[in-house]
Novice: 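One structure, as C-alpha cells, below. Some questions next.
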Amino acid sequence: IFVYQKFMVEYLSLKSWLIDMTNRIRTQAESTSLSEAETIFNLHQERRTEIEGKTHRFLQLQNMGRELVERVKVQSNTNSSGPYNNIEFI
C-alpha cells in the first residue's frame with residue numbers, strides 16, 4: 001500500500017466516524033424526567049469514552065500526514081520529474 005493511500009484510508013475512516021458521532025450528539029433529545037436524564041448522562045459517558053479511545057488514531061493520522069509531507073518535500077528536492085513519482089511502499 002502506498003503511504004498516501006494508507007493515509008487516505010485512515011483519514012476517510014476517521015472522518016466518517018467523526019460525522020457519525022457529531023450526528024449522534026446533535027440528535028440527542030432533552031430529558032424531561034430524572035430517569036431520562038440518567039440515561040442521557042450514561043450515553044454521554046459512553047460517547048466520551050469512545051471519543052477518548054480514538055485519540056491515538058487521530059494522533060497517528062497527524063503524524064502520518066507530517067511524514068508524508070516530509071517525504072514529498074525530500075523527493076521533490078531530489079527528483080526533478082515530480083514529487084509523487086517515487087513514493088515508497090510500506
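Quick note: numbers below take in every heavy atom, side chains included, and nothing from hydrogens, waters or symmetry partners.
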Novice: Of the non-hydrogen atoms in M64 and V3, which two are nearest, and what is the gap between them?
Specialist: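 In terms of heavy atoms, the two residues are closest at SD-O, 4.5 Å.
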
Novice: So which heavy atom on A37 is nearest to which on S31, and how close?
Specialist: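 The pair with the smallest heavy-atom distance is N-CB, 3.5 Å.
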
Novice: Given the rule that I, L, V, M, F, W and Y join up when any side-chain heavy atoms are under 4.5 Å apart, are L43 and L18 in one cluster?
Specialist: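 No: no chain of side-chain contacts under 4.5 Å links L43 to L18.
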
Novice: Check for a donor-acceptor pair, side chain of S13 on one end and backbone N or O of V9 on the other, with a separation under 3.5 Å.
Specialist: no

Novice: When you check the gap from the basic side-chain N to the acidic O, do R66 and E70 get nearer than 4.0 Å?
Specialist: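 Answer for the salt bridge query: no.
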
Novice: To the nearest 0.5 Å, what is the distance between CG on L12 and NZ on K15?
Specialist: 7.0 Å

Novice: Nearest 0.5 Å please: distance from the CG atom of L59 over to the CD atom of Q62.
Specialist: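 The CG atom of L59 sits 6.0 Å away from the CD atom of Q62.
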
Novice: Verify, without hydrogens or angle tests, whether E36 (side chain) and T32 (backbone) share a donor-acceptor contact under 3.5 angstrom.
Specialist: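 Indeed, once roles are kept as given, a pair shorter than 3.5 Å links the two residues.
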
Novice: How many angstroms lie between CD1 in I51 and CE in M21, if you round to the nearest 0.5 Å?
Specialist: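 Result: 4.5 Å between the selected atoms.
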
Novice: Please lay out, stage by stage, how R48 and E52 fare under the test salt bridge (Lys or Arg N to Asp or Glu O under 4.0 Å).
Specialist: CA-CA 6 Å; R48 180 178 176 177; E52 289 172 349; 3.1 Å; yes

Novice: Donor-acceptor pair, distance only, cut-off 3.5 Å: does the side chain of N42 make one with the backbone of E38?
Specialist: yes

Novice: Look at the side-chain heavy atoms of Ile, Leu, Val, Met, Phe, Trp and Tyr, link any pair under 4.5 Å apart, and say whether L68 and F58 land in one connected group.
Specialist: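 Yes, because L68 and F58 connect within a single hydrophobic cluster, where side-chain heavy atoms sit under 4.5 Å apart.
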
Novice: Calculate, to the nearest 0.5 Å, the distance between atoms CE and OH belonging to M8 and Y4 respectively.
Specialist: 4.5 Å

Novice: Check the orientation of Y11 and F7. Use parallel for under 30°, tilted for 30 to 60°, and perpendicular for over 60°.
Specialist: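 Plane angle under 30°, so parallel.
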
Novice: For Q45, I'd like to know if atom CD has over 12 heavy atoms of other residues, nucleotides or ligands within 6.0 Å.
Specialist: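 Result for CD/Q45: enclosed.
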
Novice: Would you say R47's side chain and R24's backbone share a donor-acceptor pair under 3.5 angstrom?
Specialist: yes

Novice: Taking side chain as C-beta onward, heavy atoms only, is W17 less than 4.5 Å from R57?
Specialist: no

